[in-house]
2 protein chains.
Amino acid sequence: MTQTPTPKIPIPCEFDDLSNCPVRSVLDRIGDKWSTLLILQLQDGPKRFGVLRRSLPDISQRMLTQTLRNLQRDGLVDRTVFDTVPPSVEYSLTDMGQSLLTPIAGLVNWAQVNQPSIQDSRDSFDHAAAQIDGARQVRAG
Amino acid sequence: MTQTPTPKIPIPCEFDDLSNCPVRSVLDRIGDKWSTLLILQLQDGPKRFGVLRRSLPDISQRMLTQTLRNLQRDGLVDRTVFDTVPPSVEYSLTDMGQSLLTPIAGLVNWAQVNQPSIQDSRDSFDHAAAQIDGARQVRAG
DNA sequence: GAGGGTGGTTACGTCCAGGTAACCAAAGGC
DNA sequence: GCCTTTGGTTACCTGGACGTAACCACCCTC
């Protein structure tokens with residue numbers, strides 16, 4: 001009943017070289033603060049630097065530049081400079097970037113479906129922890 | 001041709017409260033150093049603390065405890081204490097934890113498929129950057 | 001009574017992701 | 001001459017993730 005319905009995932013890297021594990025490098029990008037949000041912002045077409053900045057009011061200019069550079073370096077995002085004045089720059093997903101949308105969608109969907117359960121679990125865990133902590137206070141006092 | 005084949009992913013959170021965005025909380029867990037590896041270690045059955053530690057030689061005891069606690073708090077992992085002596089503790093995936101294997105598998109698979117392209121892209125990006133940097137050195141010198 | 005094997009916790013130090021703010025060039029408006 | 005807008009870069013600082021090492025209780029064996 002609680003048997004895994006998923007085919008076994010091979011452990012993606014040897015542990016003696018987890019520093020250059022390919023899966024880790026992807027997870028690191030997915031896991032950083034802004035990459036995923038930027039990829040989602042670009043999913044329906046190219047956007048200019050300023051538009052992205054205004055779409056994500058909390059991102060600093062520095063992090064926007066840096067995150068876009070990393071995505072470009074990984075080949076997930078294209079950067080096009082238009083020779084206007086002042087110069088305008090457009091960012092868009094590459095084909096590989098587009099293809100990353102599928103697994104991201106799986107994750108986003110899972111997160112949205114399970115978010116209530118996770119929240120419940122956290123609440124009851126914290127509640128139980130507080131109980132135990134209270135008991136310890138009593139014993140110590 | 002380069003049109004997105006994926007149905008549009010709704011932006012998963014409002015940006016005025018990205019601190020308690022459900023998707024972010026999942027990505028933070030996925031993105032941390034050990035959670036994913038532990039989930040993969042547990043995919044084919046319960047394992048004891050010591051077994052997990054020996055499976056991941058690079059993890060410190062502190063991080064193993066901490067990561068397992070977080071996974072337990074989120075309801076992804078069950079912790080069972082056996083009243084033997086010395087006490088032994090077994091960790092296993094909950095049903096929700098099992099269900100997370102599917103999106104993780106998507107990501108792992110994507111990473112493995114695209115890893116060569118990413119590496120190529122990084123190499124040529126870094127090569128180009130070195131070129132530009134070299135040119136700047138010449139101008140400055 | 002010293003040492004080993006359970007599964008932890010705690011104090012402490014380090015390192016880096018990320019935020020803040022100042023600065024840049026070029027051209028246009030006034 | 002000064003301010004604005006474009007898309008950056010740079011120096012500096014902080015918070016938190018993570019690692020290291022010591023310590024704990026428990027009971028066993030030797």
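Lettering follows sequence order; numbering is per chain, from 1.
- Between the axis at the start and the axis at the end of the helix from C:dG1-D:dC30 to C:dC30-D:dG1 there is an angle of 30°, using five pairs per end and rounding to 10 degrees.
- At whole-Å resolution of the value, CZ in A:F49 and P in D:dT9 are 9 Å apart.
- Partners of A:D120 under the side-chain hydrogen bond (donor to acceptor under 3.5 Å, both in side chains) rule, at least two apart in sequence or in another chain, do not exist in this structure.
- Rounded to whole angstrom, the span from the CG atom of B:L64 across to the C1' atom of D:dG19 amounts to 14 Å.
- In this structure, B:N109 has no side-chain hydrogen bond (donor to acceptor under 3.5 Å, both in side chains) partners at least two apart in sequence or on a different chain.
- Whole-Å rounding puts the A:R53 CZ to D:dT6 C1' distance at 9 Å.
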Anything under 3.5 Å between a protein N or O and an N or O of nucleotides 16-18 of chain D, put it in a table, one pair a line.
residue, atom, partner, partner atom, Å
D:dC18, OP1, B:K33, N, 3.1
D:dC18, N4, B:R62, NH2, 3.4

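- At whole-Å resolution of the value, CZ in A:R48 and C1' in D:dG8 are 14 Å apart.
- Residues that satisfy the side chain to side chain contact (heavy atoms under 4.5 Å, CB included) test with B:P87, not counting sequence neighbours, are absent from this structure.
- The interatomic distance linking A:L56 (CG) with C:dG18 (C1') rounds to 15 Å, in whole Å.
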When the side chains of residues 25-33 of chain A are checked against the rest of the protein, which donor-acceptor pairs come out under 3.5 Å, sequence neighbours left out?
residue, atom, partner, partner atom, Å
A:S25, OG, A:P22, O, 2.7
A:R29, NE, A:D74, OD2, 2.6
A:D32, OD1, A:W34, N, 3.4
A:D32, OD1, A:S35, N, 3.0
A:D32, OD1, A:S35, OG, 2.9
A:D32, OD2, A:S35, OG, 2.9

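- Taking a 4.0 Å limit (strictly below) on heavy-atom distances, residues 75-93 of chain B reaches DNA chain C at B:R79, B:P86, B:P87, B:S88, B:V89, B:Y91.
- A donor-acceptor contact closer than 3.5 angstrom is absent between the side chains of A:T102 and B:W110.
- As a whole-Å value, the separation of B:Q61 CD from D:dG19 P is 13 Å.
- Atom pair A:L68:CG and D:dG7:C1' shows a separation of 11 Å (rounding to whole Å applied).
- Residues satisfying the side chain to side chain contact (heavy atoms under 4.5 Å, CB included) criterion with B:S88, sequence neighbours excluded, are B:R48, B:F82, B:T84.
- Straight-line distance from the CZ atom of A:R29 to the C1' atom of C:dA17: 12 Å, rounded to whole Å.
- The backbone N or O of A:D44 lies less than 3.5 Å from no partner atom in the side chain of B:K8, so there is not a single donor-acceptor pair.
- Shown here are the side-chain hydrogen bond (donor to acceptor under 3.5 Å, both in side chains) partners of B:R79, two or more places apart in sequence or in another chain: B:Y91.
- Listed by chain and number, the residues in a salt bridge (charged side-chain N to carboxylate O under 4.0 Å, His left out) with B:D126 are A:R73 (sequence neighbours excluded).
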Which side-chain N or O atoms in residues 59-68 of chain A pair as donor and acceptor under 3.5 Å with protein atoms at least two apart or in another chain?
residue, atom, partner, partner atom, Å
A:S60, OG, A:M63, N, 3.3
A:T65, OG1, A:Q61, O, 3.0
A:T67, OG1, A:M63, O, 2.6

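- Applying the side-chain hydrogen bond (donor to acceptor under 3.5 Å, both in side chains) test to B:S121 and every residue at least two apart in sequence or in another chain returns nothing.
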